[in-house]
Structures are given as structure tokens and as C-alpha cells.
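Positions are given from 1, in the same order as the sequence printed here. Basis for what follows: all heavy atoms, side chains included, without hydrogens, waters or symmetry-related copies.
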Amino acid sequence: MLEMTKYKDIDIAQETCYVGENETRVFVYNVDGLLVDTGPESRAEVYTNWFKTQAIRQVALTHNHEDHSGNAAWVRENLNVPVYLHPGSLSYAKENGAYPEYRHVMWGDRHPFDALPMPEWIETEKYKFQTLDTPGHAIYHNCFYEPNEGWLFTGDLYLGTHMLVCFFEENMRQTVDTIERLMKLEFDTIFCAHAGVIENGKVRLGKKLNNLKQLQGQVLEMRAKGMTDREIDAELGFEMDITSISGGEWSSYNIMRTI
Ligand SMILES: [Zn+2]
């Protein structure tokens, strides 16, 4: 069931997707005609029905994971609007998304689409977003920053203050560097693709950074004692259902080995 809410003049569509007993919420934002991400294809019907009620003039994808770009092909075919994506992901977007079955169950397919390279700034009638290169969760990942409003659309950079597992493509050292860079900007509210609108967003993001740096310190000490990342994970990591469901694509080991 699509839940539609508003934050100020931003329209928000929220859906919940499942694989086994794992559920994940997905938030898609329409800010003054700029659609930030398109949601997963497994919920194509509800999202595309919602798109039809929205005055969408352009689309910016935070990154090319299928829960964000799953309906980009529909948008390209049915709405005559540009879709912007990190230049590093453009050629991959032209191919069918290839990934394991559990992700097809949860997110559906990711059909090929043509996107335009992310410009440095994206303007709407009322707002002006600086597009920031924010690697970590994925090599090619963008956040969208509205300095006058103090808004930061963070894609999958935030998710929560405490990470138990991470995706195999993630690099925690890069995430730490990226968040450190973002903390120099002035913003209050973050718009997360899976946690929604967070009004004290800078504080929360700072908390995530501190937690990661604390863990980094612990891991470095343990490595210095000669422990392997597997041994460190056995001590500091977590066993989660999603690790076996995903065949290891999501694990705490992925955090330990990249932090
Ligand atoms: Zn992602």
C-alpha cells in the first residue's frame, strides 16, 4: 500500500518491500517537479500510478541500485522528462540489471534506460540543488544539496546511525570520508531513501560517522594484533538472516573488511 505524505511542499511516496521476513521501506520524493529516485519495479503499478498524479519535470537518481532506478525505464518511456544519473553508471543503466534472485523477489527487475550525465546543479522553479559526489554505499552515488533550505537528499548514504551489515559493493572507508566532507556543509534535514525525512539529520549523520570511526578504531587495533578480518568479524560482527538470504551480499564482514 503506497503511503503518501508531505513534508513542506515535498510530496513523498512510501512503500514497503519484502523478501522472507525482511522488510524495507522505500521513499521517493517529488520536490517541486524534481523526482528523486523512482522506487523498485516490484511496486511498479503503485509508483507509476503515483507518478501520473505528480507534475514531474525531471528525475535525479541517487544511484543505480534497482530499488532506486527500477522505474526509470517506465519514466523514460512514459514521461517526456530527463533522467539524470552519475556519469559512471550511464553505460550500466543501458543494460538489464543483473543481480541474484532474492533481489528480484524484493525489488523486481531493472529494465534498461537512457539517462543523462548528472549536472553540477539541478534547478527547479523554487529550488537549486547542488549534486554532490558521495561514494561509499556505491562507487557512483550522488547526494542532492539545497543550501538555502538546508536540505540534503542522501539516497543510501545514511540509512541509520548504527550499521549492522552492509552491501558487498560498499566501502566503509569511503563512507567515512564522504560523511566527513558532508559534515562541513550547512544542513538540517536529510531525506533518506529508506528512513524517510529526518529533521535533525545532521546530528544523526554525525552520529553515524562517530559510530563508524569508533568501530574503525577497534578494527585497526585488532588488525595490528594480527587478527584477520574474518576473526574480527567473528568477535564484533552480527549474524543476520539477510546474510544467508543474500548469499553473503549483505554481511557484517563486509563492514569489517572495508573499514
Ligand atoms: Zn543502494
Side-chain angles (χ1 to χ4, degrees), residues 17 19 22 24-27 36-42 60-70 72 84-113 115 117-118 131-144 153-160 162-182 192-195 205 208-209 211-212 215-216 219 229-230 232-233 237-238 240-259:
C17 298
V19 61
N22 288 268
T24 305
R25 295 182 302 162
V26 180
F27 293 80
V36 178
D37 290 332
T38 65
E41 192 265 350
S42 58
L61 301 174
T62 56
H63 60 302
N64 195 28
H65 286 157
E66 64 277 5
D67 46 330
H68 301 255
S69 60
Y84 299 113
L85 178 66
H86 193 291
S89 294
L90 293 175
S91 58
Y92 179 64
K94 287 183 203 291
E95 293 165 23
N96 249 317
Y99 40 83
E101 182 57 21
Y102 81 97
R103 285 161 64 186
H104 283 279
V105 171
M106 192 159 200
W107 307 126
D109 300 325
R110 205 272 294 142
H111 299 299
F113 64 98
M118 189 65 67
T131 70
L132 306 171
D133 232 349
T134 50
H137 171 76
I139 310 168
Y140 305 121
H141 186 285
N142 287 114
C143 291
F144 308 122
F153 287 77
T154 49
D156 281 355
L157 183 74
Y158 169 67
L159 304 182
H162 202 80
M163 297 185 80
L164 300 179
V165 289
C166 85
F167 197 48
F168 75 106
E169 290 176 9
E170 298 195 46
N171 183 315
M172 288 299 121
R173 283 184 293 274
Q174 255 180 356
T175 298
V176 166
D177 290 348
T178 292
I179 299 177
E180 277 182 335
R181 190 157 42 84
L182 292 179
C192 175
H194 299 291
L205 200 57
K208 173 167 179 165
L209 178 63
N211 286 338
L212 283 175
L215 180 65
Q216 195 172 43
V219 170
D229 290 341
R230 284 282 177 204
I232 294 169
D233 182 49
F238 298 89
M240 310 277 286
D241 283 354
I242 191 65
T243 304
S244 50
I245 290 171
S246 69
E249 279 200 347
W250 289 88
S251 70
S252 56
Y253 172 67
N254 289 335
I255 298 179
M256 306 310 163
R257 72 177 169 77
T258 62
I259 201 160

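- Within the 3.5 Å criterion, the main-chain N or O of H68 finds a donor-acceptor partner in the side chain of T38.
- To the nearest 0.5 Å, the span separating OH on Y158 from OG1 on T134 amounts to 16.0 Å.
- In this structure, the side chains of T62 and C143 stay at 4.5 Å or more apart for every pair of heavy atoms.
- Rounding to the nearest 0.5 Å gives a distance of 7.0 Å between NE2 of H137 and CZ of F167.
- No donor-acceptor distance shorter than 3.5 angstrom exists from the side chain of E41 to the backbone of G108, with no hydrogens or angles considered.
- Residues I255 and F238 fail the side-chain proximity criterion, which asks for heavy atoms closer than 4.5 Å.
- Looking only at distances, no side-chain donor or acceptor of T24 sits under 3.5 Å from a matching main-chain atom of C17.
- Using a 4.5 Å heavy-atom cutoff, the side chains of L85 and Y140 are not in contact.
- Taking each heavy atom of A193 and D156 in turn, the nearest pair found is CB-OD1, 3.7 Å.
- Residues N22 and M240 have side chains not in contact (no heavy-atom distance under 4.5 Å, counting atoms from C-beta outward).
- P87 is listed as a side-chain neighbour of M118, based on a closest heavy-atom distance under 4.5 Å.
- Residues Y102 and S246 share a closest heavy-atom pair of CZ-CB, 3.3 Å.
- Atoms CG and OG, on L61 and S89 in that order, are 9.0 Å from each other to the nearest 0.5 Å.
- The structure places CD of Q216 at 10.5 Å from OG1 of T175, a figure rounded to the nearest 0.5 Å.
- For D37 (side chain) and F27 (main-chain N/O), no donor-acceptor pair under 3.5 Å exists by modelled atom type.
- Residues R110 and H65 form no side-chain contact, since every pair of their non-hydrogen atoms from C-beta on lies 4.5 Å or further apart.
- The distance between the ring centers of Y99 and H104 falls below 6.0 angstrom.
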Between N171 and T258, is a side chain to side chain donor-acceptor pair (under 3.5 Å) present by the stated rule, with each step listed? CA-CA 5 Å; N171 183 315; T258 62; 4.9 Å; no

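- Distance alone, capped at 3.5 Å, places no donor-acceptor pair between the D67 side chain and the G39 backbone.
- T131 places no side-chain N or O within 3.5 Å of a backbone atom of F144 that could act as its donor or acceptor partner.
- Annotation: side chain of N254 is not in contact with side chain of V165 (no heavy-atom distance under 4.5 Å).
- Of the options E249, R257, M172, M256, a side-chain contact (heavy atoms from CB on, under 4.5 Å) to C166 is made by M172 and by none of the others.
- Residue T154 comes nearest to H141 through the heavy atom pair O-CE1, 3.3 Å, listed as atom of the first residue, atom of the second, then distance.
- The CG atom of L159 lies 5.0 Å from the SG atom of C192; values are rounded to the nearest 0.5 Å.
- At a threshold of 4.5 Å between non-hydrogen side-chain atoms, the residues N64 and H86 do not count as touching.
- More than 12 non-hydrogen atoms from other residues, nucleotides or ligands lie less than 6.0 angstrom from CZ of R181.
- Between N142 atom CG and Y84 atom OH the span is 13.0 Å, to the nearest 0.5 Å.
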